[in-house]
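Taking it in order: structure first as structure tokens, then the write-up.
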Amino acid sequence: MDQEDRIALFLDYENLALGARDHRGGADFDFRPIADALAERGRVVVRRAYADWSYFDEDRRMLTRSHVELIEIPQRMGASRKNAADIKMAVDAIELAFERDYISTFVICSGDSDFTPLVHKLRELNKRVIGVGVEGSTSALLPPACDEFLYYDRLEGLDIPPPRSQRARPTRQVGVNQRPPEPEPEVDRRPAGEEPGRDVDTLAVLVAQTVAGLQGSANGEVTASRLKRTLLRKDPTFSESDYGFRTFGELLRHLAERTVIELAEGPAKGDPEVSLPEHGDREVAFGLLRGVVADLGSGGNPVALSGLKNQVRRARPDFSEKKLGYRSFLQFCKAAATAGVLDLRWSPEADDYLLTTQT
């Protein structure tokens, strides 16, 4: 545990929550995807959110259940209202940087460029800084200042708003420079706080997602002990015995036999290195995707991404992009396009991604 990053999380809640609602069709803000993303990066020891909580009553309950400390900033007239929250958050972050040497990473959840000087100062103090913001409301100045920046809209576990054609009525006009949504209505989703199903397929997806996140967000190998700690941070109630395994090692060996993961000798006895298969199943899955697109788009017609995953599952019921290490079906299709298996492009007319096979 001494090798883990200690993380301090600061949320400019008004900026984050209102940004999420304005740019995601009125959807409620969900803290769980942020918590899961940070669990893959280290141990969160401080969680603070700043707002006038009389305006966020339901959100306050959700954050309290996630053990976030709520800092009350009463509303005032004029610009001082917003500045009071920003200044308080910046002062607390700098104070913590000096008083808690063991905190190595600061997470600033805001898209406001006013926090750029705070980010620079924290990095001067030899702290790693991760930013989190809503894509449509994040200033272009903030992400380049951080060591890493996570767009809330792209986090794993977040519901994707349906395409505009499927909405009952538009909530606001789409800006010219706003990026198109990434539709994926067929992805399995679980509401925050709901108990996961205790079956091995659910477990395989959870482990593959977590290994992929650890490999993509941190340096060094992913050991079994590190994987187990991360799974516990995502779900403190996690236990391999719930899935019928006596030990975590037995669970990993079972998943390795199913080619969900690969095991290799680790730095310590009894603590193997865990990784995702690089080839094999992935190439077969790419071939499966190409075949389905070719059948649906006979004559060279493009095939829409929406509903495509259901067609792939009809051809192969056990298909899951998450078992291959991809966080979403769209990411899997983008990887297939990068590998030259097919073409993928966004179509404003169709309000969807279109896929065609290579000729």
Side-chain angles (χ1 to χ4, degrees), residues 33 37 40 135 150-151 153-163 165-166 179-189 201-202 204-217 222 255-256 258-262 274-359:
E40 295 169 352
E135 192 165 5
L150 306 175
Y151 283 111
D153 321 58
R154 306 180 191 177
L155 294 178
E156 176 64 26
L158 194 67
D159 287 345
I160 304 297
S165 57
Q166 297 179 9
R179 291 188 55 174
E182 299 189 349
E184 193 187 8
E186 63 275 54
V187 174
D188 296 329
R189 300 184 180 104
D201 286 338
T202 300
V205 169
L206 174 65
V207 171
Q209 280 183 310
T210 305
V211 173
L214 288 172
Q215 287 180 330
S217 65
V222 180
L255 295 180
R258 294 182 56 185
T259 67
V260 175
I261 58 172
E262 290 180 350
V274 186
S275 60
L276 295 173
E278 291 295 330
H279 301 287
D281 278 0
R282 185 181 64 178
E283 307 306 324
V284 172
F286 283 171
L288 171 68
L289 176 65
R290 188 185 191 285
V292 171
V293 171
D295 289 343
L296 294 175
S298 54
N301 294 321
V303 177
L305 178 68
S306 300
L308 179 59
K309 184 174 179 179
N310 291 333
Q311 299 297 326
V312 173
R313 279 183 168 168
R314 285 181 185 175
R316 182 176 164 183
D318 65 338
F319 171 80
S320 171
E321 74 282 353
K322 293 179 175 63
K323 292 180 183 178
L324 302 170
Y326 298 102
R327 291 180 174 269
S328 66
F329 186 65
L330 175 59
Q331 187 186 46
F332 168 71
C333 291
K334 286 181 176 179
T338 303
V341 176
L342 42 74
D343 288 319
L344 175 71
R345 64 180 179 84
W346 172 260
S347 169
E349 294 79 15
D351 194 26
D352 203 349
Y353 284 90
L354 300 181
L355 298 89
T356 51
T357 55
Q358 299 275 9
T359 53

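Keep in mind the model is a prediction, meaning the values are calculated, not measured.
- Of all heavy-atom pairs spanning E40 and L214, the tightest one is O-CD2, 3.1 Å.
- A donor-acceptor pair under 3.5 Å is formed between the side chain of D153 and the backbone N or O of E135.
- Pairing each heavy atom of L305 with each of C333, the nearest pair is CD1-SG, 3.8 Å.
- The shortest distance between side-chain heavy atoms of L289 and F319 does not fall below 4.5 Å.
- Taking OG1 of T210 as the reference point, atom CD1 of I261 lies at 11.0 Å (rounded to 0.5 Å).
- Using a 4.5 Å cut-off on side-chain heavy atoms (C-beta onward), Y353 and V303 make no contact.
- Listed here is the closest heavy atom pair of V292 and A315: CG2-CB, 4.1 Å.
- Rounded to the nearest 0.5 Å, atoms CZ (R290) and CG (L355) are 12.0 Å apart.
- Classified by interplanar angle (parallel below 30°, tilted 30° to 60°, perpendicular above 60°), the ring pair F332/F286 is tilted.
- Listed here is the closest heavy atom pair of T356 and P302: CG2-CA, 3.5 Å.
- L308 is listed as a side-chain neighbour of L296, based on a closest heavy-atom distance under 4.5 Å.
- Minimum interatomic distance between S306 and D352 (heavy atoms only, all atoms of both residues): OG-OD2, 2.7 Å.
- Within the 4.5 Å cutoff, no side-chain heavy atoms of V312 are placed close to those of E321.
- For the residue pair A304 and L354, the shortest heavy atom distance occurs at CA-CD2, 3.8 Å.
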